[in-house]
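Worksheet: the structure to be examined is printed underneath.
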Amino acid sequence: MNLFSDIRDLVISALDSLVADGTLPAGLDFSAVAVEPPRDASHGDMATNAAMVLAKPAGLQPRAIADALAGRLMADPRVAGADVAGPGFLNLRLVPALWQGLVRATLAAGADYGRSGMGKGLRVNVEFVSANPTGPMHVGHTRGAVFGDALARLLAYAGWDVTREYYINDGGAQVDVLARSAFERYREANGLEPEIREGLYPGDYLIPVGEALKAKYGDSLLNQPESVWLRDVRDFATEMMMAEIRNDLKVLGVEMDVYSSEKALYGTGEIEAAIATLRDMDLIYEGVLEPPKGKEPEDWEPRVQTLFRSTAHGDDVDRPVQKSDGSWTYFAPDIAYHYNKVKRGFDQLIDIFGADHGGYVKRMKAAVSALSGGRVPLDIKLIQLVKLYKNGEPFKMSKRAGTFVTLRDVVEQAGADVTRFVMLTRKNDAALDFDFDKVLEQSKDNPVFYVQYANARINSVLRKAREAGIDCADATLAAADLSRLGHEAEIAMAKKIAEWPRLVEIAARNNEPHRVAFYLYELASEFHGLWNKGNDDGALRFIQDGDIATSQAKIALARSVSVVICNGLAILGVAPVEEMR
RNA sequence: GGUCCCGUAGCUCAACGGAUAGAGCGUCCCCCUCCUAAGGGGAAGGUUGCAGGUUCAAGUCCUGCCGGGAUCGCCA
């Protein structure tokens with residue numbers, strides 16, 4: 001049930017009838033006609049821009065269209081008033097029964113209230129995290145993981161067929177470095193002094209890997225040359241790191257559908273095939289790149305490289321796919337991997353990158369555009385940095401000083417639910433401050449608490465009501481006499497609830513799950529306000545002594561707020577609480 | 001220098017191209033014999049970095065500047 005789309009349908013059919021009787025010319029495009037909540041409540045319940053949008057193409061004054069439209073809309077029993085205002089807005093007032101009915105519908109739909117079919121079952125692949133398997137996940141990865149997972153949940157709720165995917169970067173030089181670093185820890189486990197040379201990973205987290213290597217190989221690798229052990233140690237260490245990462249994701253409440261391996265692309269011919277496909281399109285050539293303008297590197301030398309003509313698909317310069325020794329650059333397997341996703345039949349691709357990979361966006365889009373013939377859109381969301389604070393003081397991360405903050409650290413201190421919610425209280429492309437003390441604060445400037453507190457209050461009402469012998473089952477509440485919800489503040493609450501399905505669609509259309517978090521804050525604010533009005537006006541208290549029917553109507557309203565909070569939190573991957581402790 | 005992101009109240013940030021740009025914090029004033037005051041109401045606070053353009057309508061889209069960040073051929 002989406003009241004806004006219902007009323008938009010009504011507006012469109014009214015416009016159709018105006019076309020039918022010749023008031024409006026035929027052939028108008030109604031796609032820009034919108035029905036939305038007005039900024040100011042005094043403007044009514046819903047507003048439509050129809051008259052302004054259609055004035056020019058129809059060759060009529062906005063006023064004339066609005067007046068005619070108002071006449072048609074007034075004939076509908078749901079519409080109580082239709083006034084032209086401002087430059088041509090048509091402000092609609094709707095009958096109270098509509099909002100009361102919405103409460104009933106919310107309770108009846110429960111977890112499905114707000115679910116949308118706008119995705120039409122299209123298959124979308126959301127690739128996120130994709131952290132290198134060379135160490136534990138840190139705070140930056142955490143934000144990307146939370147964002148990607150929430151986006152996946154949002155899109156699924158809005159009717160897409162979603163696949164969550166992790167691309168394991170296990171094919172490049174960095175996993176060789178991992179192997180050499182782990183080998184030193186293996187020597188350490190055998191009682192030798194490790195030599196953590198410059199360029200190796202110094203972290204303690206490799207000590208258990210060294211011990212596990214010893215358990216498997218004893219001392220048999222100690223005096224062997226790298227050529228003998230590199231491959232095995234690399235695979236072993238990578239597997240252990242991935243196990244760690246999978247566990248970190250689990251702790252955070254993130255589950256992937258597919259793990260794809262870069263390494264697995266090598267030797268299968270997939271990379272060669274992808275490049276060959278591009279070559280057939282005349283998008284691969286041998287050439288020399290111009291040096292970057294203005295900032296020429298010291299060691300710049302013109303050299304012939306194998307280049308992808310990404311400029312043919314919107315990039316600024318062509319990009320190399322092969323190193324001078326003939327091996328692939330990191331870009332080549334990425335092309336093959338995205339080609340693989342296209343060939344698996346996805347209708348849309350979404351990549352979630354750290355903001356430091358922003359320079360990679362155009363070439364990746366160019367590759368997907370070329371390899372899918374422009375059929376598959378790729379949206380890339382960049383995740384900005386997380387700045388850590390403790391007591392308002394910046395908390396510097398440093399591997400050397402041992403203050404490297406991992407995902408595990410954050411979740412252990414703040415909890416998965418708080419971490420997830422806070423990570424979604426900023427747009428993805430804005431930097432995020434994460435203060436270990438503030439996120440646990442129980443006050444209204446902490447949005448997690450504020451929303452949870454609203455839900456706890458609602459459940460408190462339900463407990464009290466049940467103690468008083470009032471039946472609070474959803475089915476009973478939905479059958480209550482909701483016409484008793486007549487107060488302005490109660491109707492305002494219902495209107496906020498009515499915005500939820502619309503909000504889901506807006507958030508999904510823009511791939512912006514943070515909108516859900518902000519909406520929940522607004523919803524909670526409306527509820528806290530209503531709660532406090534009960535202090536001033538006893539008629540607004542949810543439980544009315546001696547009047548079960550009225551109590552049930554008011555409790556139905558409160559319960560429907562809780563339904564929406566729970567549905568919203570589910571999209572964020574946060575568990576609602578029923579009682580504050 | 002090229003590219004991308006950001007610039008909105010003193011601070012931290014919202015606003016699918018819609019009306020008088022909204023919240024929280026901070027400042028000031030109010031509200032608990034009553035379901036959790038862990039909350040609520042009100043006041044003050046703005047040339048949405050600057051200048052043009054498109055549009056019935058621009059914080060939002062386009063162009064050019066200014067400021068901050070990221071990034072820039074064999075690292076992923």
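Quick note on labels: first sequence line is chain A, next is B, and so on, each numbered from 1.
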Within this structure, what is the [atom1]-to-[atom2] distance between [X] and [N], rounded to whole angstrom?
X	N	atom1	atom2	answer
A/Q384	B/A70	CD	P	9 Å
A/L92	B/G18	CG	P	18 Å
A/R39	B/U60	CZ	C1'	11 Å
A/R515	B/A15	CZ	P	5 Å
A/L90	B/G18	CG	C1'	14 Å
A/N446	B/G24	CG	P	15 Å
A/D435	B/C11	CG	P	19 Å
A/R426	B/G24	CZ	C1'	10 Å

Whether [X] contacts [N] is assessed here as follows: a side-chain N or O lying under 4.0 Å from the phosphate OP1 or OP2. Is that the case?
X	N	value
A/R319	B/C74	no
A/Y450	B/C25	no
A/K362	B/G2	no
A/W328	B/A76	no
A/K56	B/U55	no
A/H528	B/A23	no
A/R541	B/C34	no
A/K533	B/C31	no

Can you find a donor-acceptor N/O pair under 3.5 angstrom joining the side chain of [X] to the base of [N]?
X	N	answer
A/D334	B/A76	no
A/N532	B/G39	yes
A/R303	B/G73	yes

Considering only the [atom1] atoms, how many Å lie between [N] and [M], rounded to the nearest integer?
N	M	atom1	answer
B/G46	B/A23	C1'	15 Å
B/G26	B/G40	P	13 Å
B/A21	B/A14	C1'	10 Å
B/C30	B/G67	C1'	42 Å

Task: Aromatic contact, A/Y337 with A/Y339 (centres under 6.0 Å) - done: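 Judged by ring-centre distance (under 6.0 Å), A/Y337 and A/Y339 do not meet the cut-off.
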- [ ] Assign A/Y360 to base, sugar-phosphate, or nothing according to its heavy-atom contacts below 4.0 angstrom with the strands shown.
- [x]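 Touches nothing.
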Open item on the list: Counting the atoms with a prime plus P, OP1 and OP2 as sugar-phosphate, which does A/N535 contact under 4.0 Å by heavy atoms, base, sugar-phosphate, or nothing?
Closed with: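 Base contact.
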TODO: Determine the sole option in A/F527, A/F421, A/F518, A/Y521 for which the ring-ring contact (aromatic ring centres under 6.0 Å, His included) test with A/Y450 is passed.
DONE: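 So, applying the ring-ring contact (aromatic ring centres under 6.0 Å, His included) to A/Y450 and each of A/F527, A/F421, A/F518, A/Y521, only A/Y521 qualifies.
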- [ ] Scan A/D334, A/I271, A/L265 and name whichever one has a side-chain contact (heavy atoms from CB on, under 4.5 Å) with A/W328.
- [x]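 Of the listed options, the one satisfying the test is A/I271.
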Open item on the list: Please pick, from B/C35, B/A19, B/C56, the nucleotide with the shortest atom-to-atom distance to any side-chain atom of A/A85.
Closed with: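 Per side-chain heavy atoms of A/A85, the pick is B/A19.
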Task: Check: A/K554 main-chain N/O paired with A/R484 side-chain donor or acceptor under 3.5 Å - done: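 A pair under 3.5 Å: no.
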Task: Under 3.5 Å donor-acceptor, A/R515 side chain and A/N511 backbone - done: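 No, A/R515 side chain to A/N511 backbone: no donor-acceptor pair under 3.5 Å.
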Task: Cationic N near anionic O, under 4.0 Å, A/D235 to A/K263 - done: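 Salt bridge: yes.
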